[in-house]
Amino acid sequence: MPAQQYDPAEGASLMVAQDGWWYLDPGGEVRGATALDNLVHRGDIPVTIGVFVDPGVFPDAETRKNRNNEYDAFDDRYATFLLTEIIPQVAERYAIAQSPEQWGICGGSSGGNCAFTAAWLRPDKFRRVIGYLAGFVQMPDGNPYPDLISRVPRKPLRIFMQGGHRDLHWNEPQRNWLAENLRVAAALAEAGYDFRLVLGDGGHSPNHGGVLLPDALRWLWRPNEDRKMRLTQPGADCGEEAAACHMKE
């Protein structure tokens, strides 16, 4: 966050990124901190505090990583962890806007469905979502969202999704990551959500998500307007690789 643009009297927007190291690596393919700083500096998005959270690790356990337990669960434990343990520490140092319209959460792979679940279960806190190549297939009891989205009254969420045509098991009948993302997107479309789906031709890689991140952040933080839907031409504003279907406010 550019310090010279931060005004404690106003409070900053918030973006929480799962797999924080992925976004902080200056030589990586996402470079989320750099994207945030540049967008805020140019005035493309409001002043935003980035919070980059890594999943838990058990140093002495046979299975050291707790990532899938944290990210793939369909419950509010992870959102509660953020709201009671992580974000309060940030709020001790910086003034954070209280409106959920200014709180976002993002992630890729299992971090993508984690971000979706946190916002779905706590829309009173998180209303802006980015999910790259979300791992809905890895949720322990299966992907609940196509059914839930069709049955539950529409939640006040704005959702950016990225899918890969060659994502894991893309041409197989089981555990098809592409198909599950498309099912979620179709349910969002049918339910009238404010969402955007961008499809690329790649596999399970952060490269395309990294390219899209600046546009995704601009789209998430754009002002609210009267709702309207439009279909753009492939790659209209997402780079030559992308074919984007937009539902825009």
Side-chain angles (χ1 to χ4, degrees), residues 1-26 28-41 44-57 65-73 75-132 134 157-160 162 206 209-210 212-221:
M1 178 182 65
Q4 66 272 21
Q5 292 172 271
Y6 165 66
D7 182 355
E10 294 186 7
S13 297
L14 181 74
M15 176 58 71
V16 181
Q18 282 38 255
D19 294 305
W21 66 270
W22 204 19
Y23 295 82
L24 290 174
D25 182 0
E29 295 183 285
V30 181
R31 298 184 295 280
T34 301
L36 276 176
D37 284 349
N38 289 341
L39 291 169
V40 170
H41 178 74
D44 290 353
I45 64 173
V47 173
T48 301
I49 295 171
V51 179
F52 304 91
V53 185
D54 284 334
V57 175
K65 294 182 179 180
N66 200 43
R67 183 174 184 270
N68 292 108
N69 289 331
E70 294 178 17
Y71 287 2
D72 293 329
D75 57 47
D76 67 355
R77 288 176 298 168
Y78 187 78
T80 300
F81 163 69
L82 294 176
L83 294 170
T84 61
E85 298 188 42
I86 299 298
I87 295 173
Q89 294 187 56
V90 179
E92 290 177 0
R93 300 180 59 189
Y94 301 101
I96 301 173
Q98 294 304 302
S99 170
E101 302 290 336
Q102 293 178 258
W103 283 34
I105 186 164
C106 67
S109 191
S110 287
N113 42 290
C114 176
F116 198 107
T117 296
W120 180 264
L121 296 177
R122 294 300 306 267
D124 60 314
K125 293 297 185 180
F126 302 102
R127 293 191 181 175
R128 302 290 182 260
V129 183
I130 297 175
Y132 293 138
L157 304 177
R158 180 176 291 171
I159 302 164
F160 185 100
Q162 178 251 333
L212 292 172
L213 183 60
D215 277 343
L217 291 168
R218 291 187 191 98
W219 184 82
L220 281 186
W221 297 129

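Along the sequence shown, residues are numbered consecutively beginning with 1.
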Next item on the list: List in chain and number order the residues that pass side chain to side chain donor-acceptor pair (under 3.5 Å) with Arg67, two or more places apart in sequence or in another chain; answer none if no residue qualifies.
Entry: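 Arg67 satisfies side chain to side chain donor-acceptor pair (under 3.5 Å) with Asp19 once adjacent residues are dropped.
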Notebook entry, point to check: Who are the side chain to side chain donor-acceptor pair (under 3.5 Å) partners of Tyr71, not counting sequence neighbours?
Noted result: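 For Tyr71, no residue satisfies side chain to side chain donor-acceptor pair (under 3.5 Å) once neighbours in sequence are set aside.
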Next item on the list: Start with the C-alpha gap between Val51 and Ile87, add the side-chain angles, then the distance that decides, and say whether side chain to side chain contact (heavy atoms under 4.5 Å, CB included) holds.
Entry: CA-CA 8 Å; Val51 179; Ile87 295 173; 5.6 Å; no
Is any side-chain heavy atom of [X] less than 4.5 Å from a side-chain heavy atom of [Y]?
| X | Y | answer |
| --- | --- | --- |
| Tyr132 | Ser109 | no |
| Val129 | Phe160 | no |
| Thr48 | Leu14 | no |
| Leu217 | Met15 | yes |
| Arg158 | Trp219 | yes |
| Val47 | Asp7 | no |

Which heavy atom of [X] sits nearest to which heavy atom of [Y], and what is that distance?
| X | Y | value |
| --- | --- | --- |
| Thr117 | Ala73 | CG2-O, 3.9 Å |
| Ala35 | Pro214 | CB-CG, 4.4 Å |
| Leu213 | Gly32 | CD2-CA, 3.6 Å |
| Ala95 | Tyr6 | N-OH, 2.6 Å |
| Ala33 | Leu24 | CB-CD2, 3.8 Å |
| Ser13 | Pro46 | OG-CG, 3.6 Å |

Margin query: I'd like to check the salt bridge (charged side-chain N to carboxylate O under 4.0 Å, His left out) partners of Arg127; sequence neighbours left out, ordered by chain and number.
Written below: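 For Arg127, the residues satisfying salt bridge (charged side-chain N to carboxylate O under 4.0 Å, His left out) (neighbours in sequence not counted) are Glu101.
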Next item on the list: Evaluate side chain to side chain contact (heavy atoms under 4.5 Å, CB included) for Gln18 paired with Val16, printing each intermediate quantity in order.
Entry: CA-CA 7 Å; Gln18 282 38 255; Val16 181; 3.6 Å; yes
Next item on the list: List for me each residue that meets ring pair (Phe, Tyr, Trp, His ring centres under 6.0 Å) alongside Phe126, sequence neighbours excluded, and say none if there are none.
Entry: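 In terms of ring pair (Phe, Tyr, Trp, His ring centres under 6.0 Å), with neighbours along the sequence ignored, Phe126 is linked to Trp103.
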Check: Residues in ring pair (Phe, Tyr, Trp, His ring centres under 6.0 Å) with Phe81, at least two apart?
Finding: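 Ring pair (Phe, Tyr, Trp, His ring centres under 6.0 Å) check on Phe81 returns Tyr78.
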Under the salt bridge (charged side-chain N to carboxylate O under 4.0 Å, His left out) rule, what pairs show up with a residue in [range], not counting sequence neighbours?
| range | value |
| --- | --- |
| residues 76-96 | Asp75-Arg77 |
| residues 107-122 | Arg122-Asp124 |
| residues 48-57 | none |

Of all residues at least two apart in sequence or in a different chain, which pass the side chain to side chain contact (heavy atoms under 4.5 Å, CB included) check with [X]?
| X | answer |
| --- | --- |
| Asp25 | none |
| Asn69 | Asn66 |
| Pro88 | none |

Checklist line | Nearest-0.5 Å distance that lies between atom CD1 in Ile45 and atom CG in Leu36 | finding: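 So the CD1 of Ile45 and the CG of Leu36 are separated by 5.0 Å.
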Item checked: Reported NZ-to-CD distance for the pair Lys125 and Gln98, which is rounded to 0.5 angstrom ->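 CD of Gln98 is found 6.0 Å from NZ of Lys125.
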Next item on the list: Could you walk me through whether Glu70 and Cys114 pass the side chain to side chain contact (heavy atoms under 4.5 Å, CB included) test, one step at a time?
Entry: CA-CA 8 Å; Glu70 294 178 17; Cys114 176; over 6 Å; no
Note to self: For Tyr23 and Phe52, take the angle between the two ring planes, folded into 0 to 90°, and tell me which bin it lands in: parallel under 30, tilted 30 to 60, perpendicular over 60.
What the structure shows: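 Because their plane-to-plane angle lies in the 30° to 60° range, the rings of Tyr23 and Phe52 count as tilted.
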Item checked: side chain to side chain contact (heavy atoms under 4.5 Å, CB included) assessment of Ile49 paired with Val90 -> CA-CA 9 Å; Ile49 295 171; Val90 179; 4.0 Å; yes
